[in-house]
Amino acid sequence: MALPLAVIVSGSGSNLQSIIDKIEQGVLDVDIRLVLSNNPEAYGLERARTHGIDVWTKSHKEFPTREGFDEAMIEAIHRHGADTVALAGFMRLLTPVFLSTFQGRVLNIHPALLPSFPGTHGQRDAARYGVKISGCSVHFVDEIMDHGPVIIQAAVPAAPGESADDLAARILVQEHRIFPQALQWFAQGRLKVEGRHVHLAGYGDYDAQTVDGALINPPLEKGF
Ligand code: GAR
């Protein structure tokens, strides 16, 4: 059975789109049961509707507590039969109430090479700092922001003085590759977490791969 997934977005939802595309191409064995957003204007909701996916949206400002908002999301996710959650550009911290409900089953995409540049402006912070290499990370979510065990990372070169938008666009291309791939490994039950380390079943050696100038580890599989 396809992995029953909920996806939470706050904005454009291009990462959501990359997940939808891989499902429609038949390489990602996931069933998106619900797309949620704390931003009723999020374009990601429109993308979901276009593909016939149920949506749930409420502004977090309607809730007196963070837990209250998370409990409402938990209820909606359960009602739609999802047991795994992908954070695809969700710009809020989840509470322990949410994380204990979906223990070990929440994955996040972050637009920097963690542990560098956590937070909501990873690309801008990297561009301002003047790093020569940045990238993106998919990781399991724990109670500390952008902190849980890393599943896959892609590294891209950064140019001196380039705008945060240019760097972000180059990173985003790789996000669209590594997030669906990480979800497929999770759906296949191939990820095993030991402390901070995520092991991928079926890989004896971790030959990192170079795709269009990005270094990706573990390497992408066929179709991703
Ligand atoms: C993506 O770059 C994602 O990595 C980032 O927000 C963007 C959402 O774009 N997430 C974070 O910064 C989380 N800290 P999208 O809505 O087009 O997928």
Side-chain angles (χ1 to χ4, degrees), residues 5-24 28 30 32 34-51 53 55-57 59-60 66 69-70 73 85-95 98-99 106-129 131 133-156 158 162-183 214 216 220 224:
L5 183 74
V7 182
I8 315 184
V9 302
S10 292
S12 146
S14 71
N15 276 287
L16 165 68
Q17 188 67 54
S18 73
I19 297 167
I20 293 171
D21 291 346
K22 290 296 168 198
I23 294 170
E24 292 185 351
L28 176 54
V30 158
I32 304 179
L34 184 65
V35 170
L36 303 95
S37 185
N38 61 314
N39 170 15
E41 306 296 316
Y43 184 62
L45 294 169
E46 209 42 53
R47 295 182 194 265
R49 290 188 191 103
T50 302
H51 290 266
I53 301 168
V55 302
W56 177 97
T57 180
S59 168
H60 54 274
R66 299 179 79 86
F69 177 71
D70 282 5
M73 288 204 296
V85 180
L87 307 182
F90 181 54
M91 295 304 191
R92 289 179 59 77
L93 213 53
L94 292 164
T95 61
F98 191 96
L99 293 173
V106 184
L107 287 75
N108 180 48
I109 177 87
H110 183 73
L113 290 178
L114 293 172
S116 292
F117 310 115
T120 50
H121 299 288
Q123 310 97 322
R124 184 201 67 187
D125 296 345
R128 281 190 186 161
Y129 193 91
V131 293
I133 296 176
S134 192
C136 46
S137 312
V138 179
H139 64 96
F140 287 107
V141 176
D142 66 12
E143 286 168 19
I144 304 171
M145 186 176 60
D146 299 328
H147 171 268
V150 174
I151 299 166
I152 182 171
Q153 290 183 308
V156 305
E162 82 176 319
S163 73
D165 285 351
D166 286 352
L167 179 59
R170 254 171 320 103
I171 292 172
L172 197 60
V173 172
Q174 304 307 325
E175 294 185 39
H176 296 163
R177 293 189 163 127
I178 68 170
F179 204 13
Q181 172 67 90
L183 288 165
I216 303 182
L220 303 172
F224 289 93

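Note that the structure is a prediction, hence the values are computed from the model and not measured. Atoms within a ligand are numbered from 1 in the order they appear, just like the ligands themselves.
Ligand 1 lies nowhere less than 4.0 angstrom from a heavy atom belonging to Gln17. For Gln123, the heavy-atom gap to ligand 1 drops under 4.0 angstrom. Under a 4.0 Å heavy-atom criterion, Ile109 is in contact with ligand 1. Heavy atoms of Gly122 come nearer than 4.0 angstrom to ligand 1 in no pair at all.
At the top of the distance list for atom 16 (O) of ligand 1, counting protein heavy atoms only, stands Gly13 N, 2.7 Å. Of the protein's heavy atoms, Ser14 OG, 2.6 Å lies nearest to atom 17 (O) of ligand 1. Shortest contact from atom 6 (O) of ligand 1 to any protein heavy atom: Met91 CE, 3.3 Å. Protein heavy atom at the shortest distance from atom 9 (O) of ligand 1 is Asn15 ND2, 4.1 Å.
Near Gly119, the atoms of ligand 1 lying under 4.0 angstrom from a non-hydrogen atom of the residue are 14 (N). Taking a cut-off of under 4.0 Å to the non-hydrogen atoms of Glu175, the atoms of ligand 1 that pass are 1 (C), 2 (O), 3 (C), 4 (O). Those atoms of ligand 1 that come under 4.0 Å of a heavy atom in Ser12, given as number and element, are 16 (O), 17 (O). Near Gly89, meaning under 4.0 Å from one of its heavy atoms, ligand 1 places the atoms 6 (O), 8 (C), 10 (N). Remark: ligand 1 atoms within the under-4.0 Å shell around heavy atoms of Pro111 are 2 (O), 4 (O), 5 (C), 10 (N), 11 (C), 12 (O).
At most 12 non-hydrogen atoms from other residues, nucleotides or ligands lie less than 6.0 angstrom from CD1 of Ile133. Under a cut-off of 6.0 angstrom, the local environment of CD in Glu162 is crowded, with over 12 non-hydrogen atoms contributed by other residues, nucleotides or ligands.
With Arg170 contributing its side chain and Ala214 its backbone, the two residues share no donor-acceptor pair below 3.5 Å.
Looking at Gln17 and His51, their side chains come closer than 4.5 Å, going by heavy atoms from C-beta outward. Looking at heavy atoms from C-beta onward, Leu94 lies in side-chain contact with Leu87 at the 4.5 angstrom threshold. At a threshold of 4.5 Å between non-hydrogen side-chain atoms, the residues Leu107 and Phe140 count as touching. Residues Ile151 and Ile178 are not in side-chain contact: their nearest non-hydrogen atoms beyond the backbone lie 4.5 Å or more apart.
Side-chain N/O atoms of Ser12 and Arg47 include a donor and acceptor closer than 3.5 Å.
Pairing each heavy atom of Ala86 with each of Leu183, the nearest pair is CB-CD2, 4.2 Å.
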